[in-house]
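The structure under discussion appears below in the form of structure tokens.
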Amino acid sequence: MASLPPDRSVNLNWWRDAVFYQVYIRSFADADGDGVGDLRGLRQHLPYLRDLGIDALWITPFYPSPMVDHGYDVADPRGVDPLFGDLPEFDLLLTEAHAVGLRVTIDLVPNHVSALHPWFQLALAEDPGGPARRRFHFRPGRGEDGGRPPNNWQSTFGGPAWTRLPDGQWYLHLFAPEQPDLNWHHPDVAEDLARTMRFWLDRGVDGFRIDVAHGLAKDPELPDMPDPAAGWRLDNPDPDSPKPPRDPRFDDDGVHALHRGIRQTLDEYPGSMAVGEIWVDDDERFARYLRPDELHLGFNFKLLEADWDAAPLRAAIERSIISVESTGAPPCWVLSNHDRPRHVSRYGDGGKGQRRARAAALLMLALPGVAFHYYGEELGMPSVRLPDDALQDPVWQRSGQSERGRDSERVPMPWSGQSSPYAFSSGSTTWLPMPAGWAPITVDAQERDPASLLKLYRAALRLRRDHRGSPAGRVTWLDSPPGMLAFRCAGMTCAVNLGAAAAKLPKGSVLLSSVELAAGLLPVDAAAWLTEHSPPPAVTPG
Ligand code: GLC
């Protein structure tokens, strides 16, 4: 137990410019052959992650769970589901990750639990009004027979956010009915979360990603949503549409006291950190989560939401930087995660999507602050159109099969070989089917191709390390032709051509480029890093 990374006490701020690799545990590597990724599979691939050049892992939930929401329905936050391994296996993973210099962060899911959590089971066994029900949001219904939900809140997975029990009471679930929301006005809830945090911090984890960090607190009045038809999903509103009315399900003012409590526990462990999933579009309200006594980092999803176009990308970058300026927290970038279509596909799929993803890698890694990298991003994994009968995400059923859900971006990682399961598993089937035709994007194939995206990522991560250390990491925009974005940050220039024709590169010697360059021009959908200082030896991807 208790495995500390070599310099946790020396470098307390290790996270301020780190690159985190998100391991969607079900899909990274399966060591026991059951078709689902696990902790041992991850441990066996630590050398791969070390060589990639990332700094830290974020491992998605591996706790005991009935897996209705693939682990985000936690039945015991202080254990390991046998599907993924056991506690000794987790401790070994932690020790070995630290030994190769990787920090390890894990998910905390404080907004809700699984319906199989002992607290909810107790609540179900009780009569209406019983004390165990107060840890959740139980209410009588509306209408004469109480047959209508207590308010008009919608679940982010579709349908009403309330489910009625046979005894007539309703309970709140912002996600699936199997994920009852906790009542943070009940003292047990914060106490139990602190216990969970200490449980993992004592083992040596370096921090947490906090699920639905903007959701925990609810106005006890549970006021109606002004427009229940709008935004039932976890989303930021369309920036071009008029500002929607406040959604009372999220970003309640009471949430900040809860984050201050979480921070106090973290502060008992110097060098630990938390990053929050914060879907709050308003910059000023977003910044509140990053005050010095709240979260260390907040995902800013504006880059992930921006189209591949110069104006929206520049706006996303500027707003993300401005929104944290008053807080002292660094910006925190994301291109893809387990909830959104992968960026290769968002950018147009096929050759175009791949080309743009190469450029996007250089764009994101040149920006100041923290980058979160989704597993397989380094291979250019696209989202996969899966057959209807393969879909497992609760969104598919809850939306009346109108939304396909998030399975497409959760397909297992292809490691080597010519056909499924591409060495992801020693078994023959995988929890989501892996498509034919992935042989060229496997890790093994890309290892052998000097021009592969994997090699580009490695080279970029190496260079990024060499150029960090300018803590302010300010972005200075350079004058550039229409369609071109060019900025300087941390002693480097990054140029991305989002226009319709090749454009002249900014001044400087090229350090790295997403495609081969000629005649001082940057082709369409390409990016380059340049320096104006005397260049270090040229880097050949490898
Ligand atoms: C977060 C997770 C998502 C999950 C939801 C409910 O948004 O990222 O995957 O379904 O919370 O826990």
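Here the structure is a predicted model, which means the values were calculated and not measured. Start at 1 and go down the list; that is how both ligands and their atoms are numbered.
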- Task: Give a yes/no verdict on a cation-pi contact between Arg50 and Tyr48, requiring under 6.0 Å between NZ or CZ and the six-membered ring centre and an angle within 45° of the axis.
- Result: no
- Strictly under 4.0 Å, does any heavy atom of His173 approach an atom of ligand 1? no
- Under 4.0 Å from one or more heavy atoms of His112, ligand 1 contributes atoms 6 (C), 12 (O)
- Message: Closer than 3.5 angstrom, by distance alone: can the side chain of Arg142 be matched with the main-chain N or O of Pro150 as a donor-acceptor pair?
- Response: yes
- Message: Check the orientation of Phe250 and His214. Use parallel for under 30°, tilted for 30 to 60°, and perpendicular for over 60°.
- Response: parallel
- Task: Would you please classify the geometry between the Phe301 ring and the Trp279 ring as parallel, tilted or perpendicular, with 30° and 60° separating the classes?
- Result: parallel
- For His338, the atoms of ligand 1 under 4.0 Å from one of its heavy atoms are 2 (C), 3 (C), 8 (O), 9 (O)
- Task: Give me the ring orientation class for Phe62 and Phe90: parallel if the planes are under 30° apart, tilted from 30 to 60°, perpendicular past 60°.
- Result: parallel
- Find all atoms of ligand 1 within a distance of less than 4.0 Å from any non-hydrogen atom belonging to Tyr72, and give their numbers and elements. 4 (C), 9 (O), 12 (O)
- Query: So, the side chain of Glu126 versus the backbone of Arg133: is there a donor-acceptor pair under 3.5 Å, distance only?
  - Reply: yes
- Counting from 1 in the order shown, the ligand 1 atoms closer than 4.0 Å to a non-hydrogen atom of Arg406 are 3 (C), 4 (C), 9 (O), 10 (O)
- Message: If we only consider heavy atoms of Phe157, is any one of them less than 4.0 Å away from an atom in ligand 1?
- Response: yes
- Task: Run the contact test for His70 against ligand 1 with a 4.0 Å cut-off on heavy atoms, strictly below, and give the result.
- Result: no
- Decide, yes or no, whether a salt bridge links Asp192 with Arg78 under the criterion of side-chain N to carboxylate O below 4.0 Å. yes
- Query: Which atoms of ligand 1 have any heavy atom of Asp69 under 4.0 Å away?
  - Reply: 4 (C), 5 (C), 6 (C), 10 (O), 12 (O)
- At a 4.0 Å threshold, what atoms of ligand 1 neighbour a non-hydrogen atom of Glu277? 1 (C), 7 (O), 8 (O)
- Per-atom contacts, ligand 1 versus Val212 - under 4.0 Å to a heavy atom: 11 (O)
- Message: Just to check, does Arg410 reach to within less than 4.0 Å of ligand 1 when the distance is taken from its heavy atoms?
- Response: yes
- Query: Under the 3.5 angstrom rule, does the side chain of Gln154 hit a backbone N or O of Asn152 as a donor-acceptor pair?
  - Reply: yes
